[in-house]
2 protein chains.
Amino acid sequence: MTGTTDKTGTEEYFSISDLAAQLEISPSTIRFYEDKGLISPKRTAGNQRVYTRKDRARLKLIIRGKRFGASLDEIAEMIGKAGSGMDEKKQIEISLAHIEAKFDEIEDHRRELSLLEQDLKNLKALLKKRLKELR
Amino acid sequence: MTGTTDKTGTEEYFSISDLAAQLEISPSTIRFYEDKGLISPKRTAGNQRVYTRKDRARLKLIIRGKRFGASLDEIAEMIGKAGSGMDEKKQIEISLAHIEAKFDEIEDHRRELSLLEQDLKNLKALLKKRLKELR
DNA sequence: ATGATACTTAAAGTTAACTTTAACTTTAAG
DNA sequence: CTTAAAGTTAAAGTTAACTTTAAGTATCAT
């Protein structure tokens, strides 16, 4: 079963394998991200990890950041190390600065995508021409 | 000096360090790509690598593909292994198929970029709200 | 209460993509 | 001709991001 609902009906909890299945990554990867300080789920009385919707959203953001090419260290700088002992105000300001920088990078990335698309179109045309020559 | 022009004035050649500087990667990286079969430059009488504008274009495509998240193996499948002994017609057809698939991936990637941007906007709003609360 | 299944940790292993090193050769400048 | 800078190879080393393993603990269904 996917997730558990508590008495209020608004809080939903996931086990590590549950969440892993939802995000299509392995439980070990989730633990690895925790070791890196990117998430810090609560634990049950028996010491097993419990994830909230918030944790899941954070993980989704991590995964998206990765697809776009960011390293885990860069992502940590954007979203802040989970539960770091650091002064919160300072931490947030650092995160905001990194986020602003990422907006610019996203724009660059869009431009790069168009250039790549153009390159591939050229390559395709070249290959098709070569194919005809081979007939 | 950057590049050398031959008697016809249309062919331009680059040394490995020259090309590396232009592309802002290291000479070793270029040699590494060659080991992987992605490029195969001509050699001088003394066995030194000589790169043409065409080689440079190929390298640029490799670098762009990488930024967009493709692995070197995937890139090799798109652009074809340089100077592979394989049947050329077959090779070109395989490349064309991979290129078509990449067009779709580029679209997916664009969508992902927008989602990431939205995620970051939400995160930014959250962090700003939290900053105000801390005052 | 008893398995089967899922969880825990710490540590070692893997893979891709480079980078560095060592020992040697080629090339360009004086 | 000499020498410094740049090039060559093969092999070893590095780093990030996981994955696997081992040995033990917790939870759930019967």
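Throughout, protein chains are lettered first and strands after them, A, B, ... in sequence-line order, and every chain is numbered starting at 1. Bear in mind that the values here come from a model prediction, so they are computed numbers and not experimental data.
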_Those residues that, when tested against B/Glu107, pass side chain to side chain donor-acceptor pair (under 3.5 Å) (two or more places apart)_ = B/Arg110
*asked:* Could you work out, with side chain to side chain donor-acceptor pair (under 3.5 Å) as the rule, every residue matching B/Arg130, not counting sequence neighbours?
replied: A/Glu88, B/Glu133
*OP1 or OP2 of C/dA6 less than 4.0 angstrom from a side-chain nitrogen or oxygen of A/Ser15, does that happen here?*
no
*Sorted by first residue and then second, give each salt bridge (charged side-chain N to carboxylate O under 4.0 Å, His left out) pair with at least one member in residues 32-41 of chain B; sequence neighbours left out.*
B/Glu34-B/Arg43, B/Glu34-B/Arg49
*Can you name the residues that form a side-chain contact (heavy atoms from CB on, under 4.5 Å) with B/Gln48, not counting sequence neighbours?*
B/Thr44
*asked:* B/Asp108: which residues meet the side chain to side chain donor-acceptor pair (under 3.5 Å) condition with it, sequence neighbours left out?
replied: B/Arg111
*Indicate for each nucleotide in nucleotides 8-30 of chain C, in 5' to 3' sequence, whether protein heavy atoms under 4.0 Å reach the base (B), only the sugar-phosphate (S), or nothing (-).*
BB-------BBSB-----SS---
*asked:* Under the criterion side chain to side chain contact (heavy atoms under 4.5 Å, CB included), I'd like the reasoning laid out for A/Lys124 against B/Glu100: C-alpha separation, chi angles, the key distance, then a yes or no.
replied: CA-CA 9 Å; A/Lys124 180 179 165 185; B/Glu100 282 310 316; 2.8 Å; yes
*A/Gln118: side chain to side chain donor-acceptor pair (under 3.5 Å) partners, not counting sequence neighbours*: none
*asked:* Can you give me the dot-bracket string for DNA chain C, 5' to 3', counting Watson-Crick and G-U wobble pairs with both distances under 3.5 Å, using [ ] for crossing pairs and | for partners on another strand?
replied: ||||||||||||||||||||||||||||||
*Using ring pair (Phe, Tyr, Trp, His ring centres under 6.0 Å) as the criterion, list what pairs up with B/His109, not counting sequence neighbours.*
A/His109, B/Phe68
